[in-house]
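Have a look at the structure below, then the notes.
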Amino acid sequence: MQEERKVKLNEILKKSAERESFYLVYQPIIEVKTKKIYAVEALLRMRDHNELGRINPDEFIPILEETGMIKQVGYWIIDEVCQQIKKWNKENGVWIPVSINIDIQQLLDENFVESVKEIIVKHDINPRYIKFEITESEAMKFPEIIIEVLKKLKGIGIEISIDDFGTGYSSLSYLKIMPVSYIKIDKSFVQNIPHNKSDNILVMTIVNLAKLFGFKTVAEGVEEKVQFLFLEEIGCDYVQGYYFSRPVPPDRIKEMLTSQA
Ligand code: G
Ligand code: MN
């Protein structure tokens, strides 16, 4: 990004209130067995700016992380998601779990677990409808500390996914004791199946390893039917990607839930 644009964006982010600058879109996570929506992943987007125009997540998220603003925005996201879960429940009569991406700085904030609990209690949401995703590379940065925080989150009923799995360096001895429920296989591997033999083996091995450890698997970035069929064949539990749906506004999720009911 151009330095000038970055400086400007930094200023905009500092000044603006979450509700005015951001919104969330949601991407369905499909259960392979039933081909129905099992959960959705919440993804942060920025509203177009009158000077800077369209601002992509790979532009603004690194700035939120570098400046620590991600902590505050992170709480806003959890709050917003709780409201949305209730809204879908009112509209569709179903509870749809939402998976939220969490940055390591949020996990390392000593008030994090308590604050999350407060938000969930405030909205009177069952914690099992909130899931957190943390990238493999971040989870393995300070594994001992992270394991302790994840244990507390699991204790209040929040399930954890390891995101972008396969791109970081997991130590198997840590993976074995990580209190996580789902492994999300990174889209860079998924996109090459079933034509790239070594990625086929890699994805199969991750699915089998996850099973041995008692984790469910989610394949990200599924764009084609042949990829889905391969994943179904090898026993992957959930899939997510453009083949089923792009990330979409909440009303579109409502329609999808209606049509699959
Ligand atoms: O870091 P994480 O894995 O949570 O990133 C999710 C990102 O991947 C989102 O920005 C989303 O738009 C993108 N994405 C979701 N599905 C697909 C897909 O099928 N193909 C590609 N190329 N990107 C996807
Ligand atoms: Mn994610």
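Here, residue 1 is the first one in the sequence, and each next residue gets the next number. Side-chain atoms are counted along with the backbone in the values below, which use heavy atoms only and exclude waters and symmetry mates. Start at 1 and go down the list; that is how both ligands and their atoms are numbered.
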request  = Please check if the side chain of Asn200 supplies one atom and the backbone of Ile193 the other of a donor-acceptor pair under 3.5 Å.
outcome  = no
ask   = If you look only at pairs with a residue in residues 249-261, which of them pass as a salt bridge (Lys or Arg N to Asp or Glu O under 4.0 Å), with sequence neighbours excluded?
value = Arg252-Glu255
ask   = Is Arg45 reaching over with its side chain to a backbone N or O of Phe22, donor-acceptor style, under 3.5 angstrom?
value = no
inquiry  = Taking the basic N atoms (NZ, or NE/NH1/NH2) and the acidic carboxylate oxygens, is any pair closer than 4.0 Å for Lys6 and Glu66?
reply    = yes
Donor-acceptor contact present, side-chain Glu220 to main-chain Gln240, <3.5 Å = no
remark   = Taken by chain and residue number, the protein N/O/S atoms under 2.8 Å from the Mn ion (ligand 2) read Glu41 OE2, Asn101 OD1, Glu133 OE1, Asp163 OD2
inquiry  = Please check this pair: side chain of Glu136 against backbone of Gly166, looking for a donor-acceptor N/O pair closer than 3.5 Å.
reply    = yes
inquiry  = With a 3.5 Å distance limit and no angle check, can you tell me whether Gln105 reaches the backbone of Glu65 through a side-chain donor-acceptor pair?
reply    = yes
message = Strictly by salt bridge (Lys or Arg N to Asp or Glu O under 4.0 Å), give each pair with a member in residues 26-41 just once, sequence neighbours left out.
response = Lys35-Glu232, Glu41-Lys184
request  = Run through ligand 1 for me and note each protein residue having a heavy atom under 4.0 Å from it, chain first, then residue number.
outcome  = Gln27, Glu41, Leu43, Arg45, Asn101, Asp163, Asp164, Lys187, Gln191, Glu220, Gly221, Val222, Glu223, Gly241, Tyr242, Pro247
task = Look at the side chain of Glu159 and the backbone N and O of Ile130, then say whether any donor-acceptor pair between them is shorter than 3.5 Å.
result = no
